[in-house]
Protein chains: 2
Amino acid sequence: MMDFRLQSSAMNFLNEVSSRFPSAVSLASGRPSDRFFDRLNPHALLNAFGVYQRYWAGDRGQVWSQLLQYGRTAGIINELVAQQVRSDEGLPANADRVLITSGCQEALALCLPALCPESSDVLLVCNPTYIGAIGAANAARVPIAALSNSASCVADAIESAVLQLGRNGRRARAIYLIPDFDNPTGRVLDVVARREILEVCAKHRIVVLEDNPYGPFRYEGDAVPPMAVLDEVGSVIYLSTFSKTLSPALRVGAAILPDTIFGDAGACRTLWEDLVQRKSFVTVNTSQISQAIVAGLLIEQRTSLRGWIRPALDWYRANRDLMLCQLDDVFSPLSDQVRWNRPAGGFFLTLDLPFRFDANTADECATHYNVIVMPMSFFALDNSQDCRIRLAFSSVAPEQISTAVRGLGHYVARRVGRQLPRLRDGLAGA
Amino acid sequence: MMDFRLQSSAMNFLNEVSSRFPSAVSLASGRPSDRFFDRLNPHALLNAFGVYQRYWAGDRGQVWSQLLQYGRTAGIINELVAQQVRSDEGLPANADRVLITSGCQEALALCLPALCPESSDVLLVCNPTYIGAIGAANAARVPIAALSNSASCVADAIESAVLQLGRNGRRARAIYLIPDFDNPTGRVLDVVARREILEVCAKHRIVVLEDNPYGPFRYEGDAVPPMAVLDEVGSVIYLSTFSKTLSPALRVGAAILPDTIFGDAGACRTLWEDLVQRKSFVTVNTSQISQAIVAGLLIEQRTSLRGWIRPALDWYRANRDLMLCQLDDVFSPLSDQVRWNRPAGGFFLTLDLPFRFDANTADECATHYNVIVMPMSFFALDNSQDCRIRLAFSSVAPEQISTAVRGLGHYVARRVGRQLPRLRDGLAGA
């Protein structure tokens with residue numbers, strides 16, 4: 001059996017805790033809200049099929065029944081997906097270097113063993129990081145090294161990880177990053193940090209796996225260009241997904257390769273072929289029914305999803321504002337002991353607490369204060385995150401945010417031996 | 001880069017040869033015919049959504065938008081799939097042991113590393129065997145051992161492989177088999193062979209991965225019970241797919257575990273959880289849109305696909321009859337040198353030739369005789385299959401079978417220095 005203790009605990013926690021406390025409000029799940037999914041009702045899907053069918057038939061003289069056959073391993077909607085990331089993210093995406101995958105997770109699962117084929121090859125990750133990156137690496141038996149949080153910046157942490165690995169005969173071959181509104185922390189890497197990382201990665205020939213599920217969900221301020229846009233040497237594989245913009249049920253994502261890998265077009269072609277080959281032995285090809293739906297929607301939206309996601313964006317922004325407002329309100333008496341970040345986008349924020357918060361703590365909080373939160377330690381590779389939690393505001397109903405944050409406030413106050421004066425006649429309590 | 005030479009050559013061959021010889025008739029591709037896919041036109045898919053929507057809402061009080069969310073890793077249509085294999089295959093399938101996968105290939109890709117976690121663990125395969133099994137094993141870095149064809153039966157070949165592996169400190173942990181109408185050979189294992197294999201596998205605790213894409217397509221005679229039906233000790237994982245019965249574009253398959261693994265219910269539970277965990281790091285969950293379509297069709301068909309596949313079954317049977325008839329006709333003057341089997345089902349048959357038939361030979365045959373066939377060596381782990389080819393009759397138009405077999409006849413005749421008298425005023429020729 002696989003050694004998945006870390007991710008296992010987090011996943012089991014999420015699954016179990018939600019079913020054990022059905023009346024508790026969950027700030028644990030980082031799902032997209034399904035409030036806007038009715039735009040993909042069966043009739044809308046039929047319409048998307050129709051749009052794609054006309055496009056496809058017109059383009060290639062093909063008929064619907066051929067769509068239902070085995071298809072091209074790398075996908076059939078590559079040009080439309082390339083156009084969408086060009087429109088929405090400014091990426092210089094080349095359709096010939098787009099690999100359509102069964103969700104972005106498959107892209108990750110294919111890239112890791114392809115980039116790290118030797119047992120001495122190591123994947124660098126932030127600490128904490130997305131559980132699915134650790135899981136995919138473990139499943140592919142790719143060793144992981146966590147970047148130190150004590151370095152002055154990510155680039156320095158990479159430099160020191162490379163040095164340390166080198167001393168043990170190992171080599172960093174790839175780094176997994178969510179530069180925009182990181183899961184789990186909500187952090188954004190600024191343009192300076194991105195350029196520094198690109199520079200150090202180019203120097204050591206480390207491929208950047210840039211995962212960008214949350215970038216489209218920026219609530220204010222100017223977007224920072226994706227690392228794939230800043231990349232000048234061919235060091236970034238961009239991972240794109242339709243799970244947050246359209247629907248997770250489609251299971252359509254993509255890996256978008258640069259034109260060269262560190263200037264070498266042949267190496268990039270070889271990597272591309274390796275990824276396609278690997279995909280053929282995992283899922284054969286991505287469901288062409290799902291691809292047709294995505295394509296139909298992209299055509300209808302003129303290959304930009306900015307208009308499509310606007311209602312969700314506004315709703316997520318309001319949820320974030322509400323959560324920050326409630327946090328300010330509830331935790332002001334504890335402001336010396338509790339801190340949190342104020343992300344300008346994404347689905348998550350990080351709360352720092354003056355005590356350890358583990359699965360048992362979360363359980364206690366859910367049992368007695370009716371709020372489920374995610375211990376940050378579930379995403380961590382050491383004990384540095386033991387006093388932090390992740391709060392997700394993406395899929396909780398606005399009317400529940402207040403209840404949830406107040407419940408959390410009461411719990412934290414009790415734990416630090418204080419009371420929240422304005423909430424004394426509170427909602428929850430043991 | 002992965003060492004995929006074997007499978008790579010076969011896959012590239014299929015892709016390239018078809019595009020290089022667009023006017024040649026292909027007997028190379030083992031796809032299902034898309035002649036019956038119009039039953040899954042967009043309106044039929046809409047209807048399937050509707051059927052499932054009513055079933056789902058009635059069953060759980062859930063709404064469509066929840067279907068579009070992330071879902072249960074192991075799938076949401078497990079009970080319907082269990083019912084279908086119970087109805088159609090007689091399997092004692094337990095819905096709690098059904099893992100819905102993104103095509104049957106994913107089931108294989110998950111099972112192999114789960115069953116063979118140690119570097120000394122080996123997968124046994126027939127020789128030749130399905131390319132995707134070799135590819136999935138290579139991708140997961142699971143070592144393969146080919147069963148010898150010189151043993152008197154498969155069970156003896158397993159016994160001697162186990163012995164030989166043991167001498168090198170290695171251990172067979174699983175065996176991949178297509179007992180019904182094998183790809184690539186068309187061979188069927190009879191009930192005696194199946195029982196012997198189960199016995200030797202139970203003795204050595206080797207898990208049987210029974211892949212059964214072609215079993216539903218039997219054209220005459222009584223079905224042999226699947227090994228999962230004959231299994232009495234918990235040694236068979238049954239791999240099921242809807243790619244041949246419904247459509248490959250759905251990408252829905254399943255791994256169906258027994259209740260125990262060699263009598264151990266706990267071990268089976270552990271294996272199940274390991275597979276679910278692995279799936280969460282490869283594709284998260286199988287597209288719920290695809291699952292809804294499969295479910296809707298299964299409900300409409302009262303969870304048996306026997307009626308649904310009948311038109312295709314009749315058509316495949318006619319194609320097989322036509323091909324056998326043409327082979328008899330064309331190759332009768334060469335009957336001392338050319339032999340073939342007469343499969344009672346499936347998509348393929350094997351032709352034995354008196355000369356080596358490799359990629360260059362196939363190329364020559366396509367160039368000058370307008371027929372594309374698959375060298376059996378592409379599926380082989382040694383040179384024992386060098387003088388054989390695989391002929392697929394599943395996706396070729398009936399009116400082209402005669403042309404193709406006659407073209408092949410002319411080519412073979414030329415290669416053995418003879419002429420086909422009745423075909424002298426032939427079709428093809430260089």
Side-chain angles (χ1 to χ4, degrees), chain A residues 1-2 4 7-8 11 31-32 34-38 40-43 45-46 49-50 53 64-71 102-103 105-106 109 113-114 117 132 135-136 138-141 243 247-252 270-271 273-274 277-278 280-290 293, chain B residues 1-2 4 7-8 11 31-32 34-38 40-43 45-46 49-50 53 64-71 102-103 105-106 109 113-114 117 132 135-136 138-141 243 247-252 270-271 273-274 277-278 280-290 293:
Chain A
M1 195 186 162
M2 219 166 142
F4 278 137
Q7 316 88 274
S8 198
M11 291 189 46
R31 298 174 161 205
D34 44 41
R35 193 162 289 241
F36 306 96
F37 286 169
D38 53 2
L40 295 177
N41 63 50
H43 284 276
L45 299 185
L46 178 72
F49 286 139
Q53 198 172 2
W64 180 257
S65 65
Q66 288 171 281
L67 188 82
L68 295 170
Q69 190 51 276
Y70 286 105
S102 303
Q105 183 69 36
E106 191 195 24
N138 285 356
R141 301 185 196 177
S243 292
S247 153
L250 291 162
R251 310 306 313 128
V252 177
T270 302
L271 174 63
E273 286 168 357
D274 189 21
Q277 189 83 273
R278 286 174 188 274
S280 76
F281 296 126
V282 176
T283 55
V284 182
N285 57 242
T286 302
S287 166
Q288 299 197 144
I289 292 172
S290 286
I293 294 169
Chain B
M1 196 187 161
M2 220 166 141
F4 277 136
Q7 316 89 270
S8 196
M11 292 190 44
R31 298 174 161 205
D34 44 40
R35 192 162 291 239
F36 306 96
F37 286 168
D38 53 2
L40 296 177
N41 63 50
H43 284 276
L45 299 185
L46 178 71
F49 285 139
Q53 198 172 3
W64 180 257
S65 65
Q66 288 171 280
L67 188 83
L68 296 171
Q69 191 50 277
Y70 285 105
S102 303
Q105 182 69 34
E106 191 196 25
N138 286 355
R141 301 185 195 176
S243 292
S247 152
L250 291 162
R251 310 307 312 129
V252 178
T270 302
L271 174 63
E273 285 168 359
D274 190 20
Q277 187 84 273
R278 286 175 188 274
S280 75
F281 296 127
V282 176
T283 56
V284 183
N285 56 242
T286 302
S287 165
Q288 299 196 145
I289 291 171
S290 286
I293 294 169

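Just so you know, these numbers come straight off a predicted model, no measurement behind them.
Considering only heavy-atom pairs separated by less than 4.5 Å from chain A, the leading option among B/D38, B/L67, B/T286, B/L250 is B/L250. Your options are B/V284, B/V282, B/N285, and the one with the most heavy-atom pairs under 4.5 Å with chain A is B/V282.
Between the side chain of B/W64 and the backbone N or O of A/F37 there is no donor-acceptor pair closer than 3.5 Å. The closest donor-acceptor contact from the side chain of B/Q69 to the backbone of A/P32 lies under 3.5 Å. No donor-acceptor distance shorter than 3.5 angstrom exists from the side chain of B/Q105 to the backbone of A/T283, with no hydrogens or angles considered.
B/S243 is linked by a side-chain hydrogen bond (donor to acceptor under 3.5 Å, both in side chains) to B/T241, B/R251, counting only residues two or more places apart in sequence or in another chain.
Taken to the nearest 0.5 Å, the CD1 atom of A/I289 stands 8.5 Å off from the OG atom of B/S287.
Of the atoms belonging to B/S102, heavy atoms from both backbone and side chain fall under 4.5 Å from chain A.
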Side chain to side chain contact (heavy atoms under 4.5 Å, CB included) between A/L45 and B/F49, worked out: CA-CA 10 Å; A/L45 299 185; B/F49 285 139; 3.7 Å; yes
